[in-house]
Amino acid sequence: QISTWKRQNRWTLEYISINITIVQLLEENFAPRYLSMIERHELNCSDITLEITEQTLIENFKSTKKVISTLQQYGVRFAIDDFGVGYSSLSYIQNLSLDTIKIDKSFVLNIENKVSDISLIKTIFHIAEQFNYTLVIEGIENEKQKEILFDLDNHLVYQGFYFSKPMTKEEFDIKYLYSKNTIVS
């Protein structure tokens with residue numbers, strides 16, 4: 001689809017994220033097959049960010065690290081999805097040099113009433129900053145949550161139903177690519 005949008009001169013996004021599982025990541029020849037698909041569709045590795053959960057990282061760290069490192073050599077970007085609800089370990093952040101950390105929505109759910117959640121998000125933000133990671137806050141469902149987080153740092157990237165509900169490719173095409181609107185993650 002990205003290839004089609006590019007041929008039609010309608011690709012206006014920095015990238016699209018795709019969730020992958022441990023099973024997919026550890027399939028035989030995943031890295032060369034993925035790179036071949038990118039080449040076949042005339043895409044840049046930076047057009048797609050692969051999202052993996054903490055659980056994916058932990059289940060078979062040595063093999064996972066090898067596949068991630070191989071793909072990163074070609075410019076493939078990775079994000080840790082749902083950070084903070086699994087076995088959050090700073091060693092994974094330190095040893096993998098990923099690009100993005102996505103804080104799980106459970107930390108945002110009660111942010112309006114729990115100062116401790118704000119403190120935790122600040123701490124994760126400072127850690128991400130030290131490792132030069134982009135930080136995405138998941139689960140923004142209302143204006144108040146967005147305002148609280150914006151006050152922490154106006155460069156954070158947001159994601160949640162407040163901005164958009166899940167949509168089909170056709171709805172996405174009309175809303176964001178035909179209208180030339182800017183997308184806020």
> How far does CG of L120 sit from CD1 of I111, to the nearest 0.5 angstrom?
Replying inline: 10.0 Å
>> For a side chain to side chain contact (heavy atoms under 4.5 Å, CB included) check, start with the C-alpha distance between I52 and N19, then their side-chain angles and the critical distance, and finish with the verdict.
In response: CA-CA 6 Å; I52 51 179; N19 293 337; over 6 Å; no
> Do I68 and L98 have side-chain heavy atoms sitting under 4.5 Å apart?
Replying inline: yes
> So, for C45 and Y74, which heavy atoms are closest and what is the spacing to 0.1 Å?
Replying inline: SG-O, 3.3 Å
> Less than 4.5 Å apart, any side-chain heavy atom of F78 and any of L71?
Replying inline: yes
> How about D104 and S106: does a side-chain donor come under 3.5 Å of a side-chain acceptor?
Replying inline: yes
>> With side chain to side chain contact (heavy atoms under 4.5 Å, CB included) as the criterion, how do T100 and I80 come out once you've worked through the C-alpha distance, each side chain's angles and the decisive distance to 0.1 Å?
In response: CA-CA 6 Å; T100 302; I80 299 177; over 6 Å; no
> Got more than 12 heavy atoms from elsewhere within 6.0 Å of CD, E171?
Replying inline: yes
> Can you list the steps and then say if M37 with Y34 is a side chain to side chain contact (heavy atoms under 4.5 Å, CB included)?
Replying inline: CA-CA 5 Å; M37 183 238 5; Y34 180 78; 3.6 Å; yes
> Would you find a donor on one side and an acceptor on the other, under 3.5 Å apart, between the side chain of D47 and the backbone of N44?
Replying inline: yes
> Is a side-chain donor or acceptor of S3 paired with a backbone partner of H41 at a separation under 3.5 angstrom?
Replying inline: yes
>> Contact between K114 and L109 at the side-chain level, heavy atoms closer than 4.5 Å - yes or no?
In response: no
> Are any of the side-chain heavy atoms of H126 and E129 separated by less than 4.5 Å?
Replying inline: yes
>> To the nearest 0.5 Å, what is the distance between CD1 on I20 and CG on L50?
In response: 4.5 Å
>> Taking the side chain as everything from C-beta on, heavy atoms only, tell me whether I121 gets closer than 4.5 Å to L152.
In response: yes
> Which distance, rounded to the nearest 0.5 Å, do you find between the CD1 of I118 and the CD1 of I148?
Replying inline: 5.0 Å
> Under 4.0 Å between a Lys/Arg side-chain N and an Asp/Glu carboxylate O for D153 and K122?
Replying inline: no
> L149 pairs by side-chain contact (heavy atoms from CB on, under 4.5 Å) with which of I140, N154, I103?
Replying inline: I140
> Is it true that R33 and E27 make a salt bridge, defined as a side-chain N closer than 4.0 Å to a carboxylate O?
Replying inline: yes
> Just wondering, are more than 12 heavy atoms of other shown residues or ligands nearer than 6.0 Å to CZ in F131?
Replying inline: yes
> Could you go step by step and tell me if T64 and L25 meet the side chain to side chain contact (heavy atoms under 4.5 Å, CB included) rule?
Replying inline: CA-CA 7 Å; T64 302; L25 190 66; 3.4 Å; yes
>> Considering only residues two or more places apart or on different chains, which pairs with a residue in residues 143-152 satisfy side chain to side chain donor-acceptor pair (under 3.5 Å)?
In response: E143-Y162
> Which heavy-atom pair separates I48 from Y15 by the least distance, and what is that distance?
Replying inline: N-CB, 4.2 Å
> Say you draw a straight line from CG of D173 to CD of Q8; how long is it, rounded to the nearest 0.5 Å?
Replying inline: 7.5 Å
> How many angstroms lie between CD1 in I2 and CD1 in I18, if you round to the nearest 0.5 Å?
Replying inline: 6.0 Å
>> Can you confirm whether the side chains of Q72 and D99 place a donor and an acceptor under 3.5 Å from each other?
In response: no
> Should we say atom CD of E42 is surrounded by more than 12 heavy atoms from elsewhere, each under 6.0 Å from it?
Replying inline: no
>> Below 30° counts as parallel, above 60° as perpendicular, anything between as tilted: where do the rings of W11 and W5 land?
In response: parallel
> What pair of heavy atoms forms the shortest contact from T70 to A31, and how long is it?
Replying inline: CG2-CB, 4.0 Å
> Would you find a donor on one side and an acceptor on the other, under 3.5 Å apart, between the side chain of S36 and the backbone of P32?
Replying inline: no
> So, does Q24 use its side chain to make a donor-acceptor pair with the main chain of T21 at under 3.5 Å?
Replying inline: yes
>> Return the OG1 to NZ distance between T12 and K6, rounded to the nearest 0.5 Å.
In response: 11.5 Å
> Between R77 and E51, is there a side-chain N and carboxylate O pair less than 4.0 Å apart?
Replying inline: no
>> Just so I know, are the side chains of T49 and I16 near enough to count as touching, which here means a heavy-atom distance under 4.5 Å?
In response: no
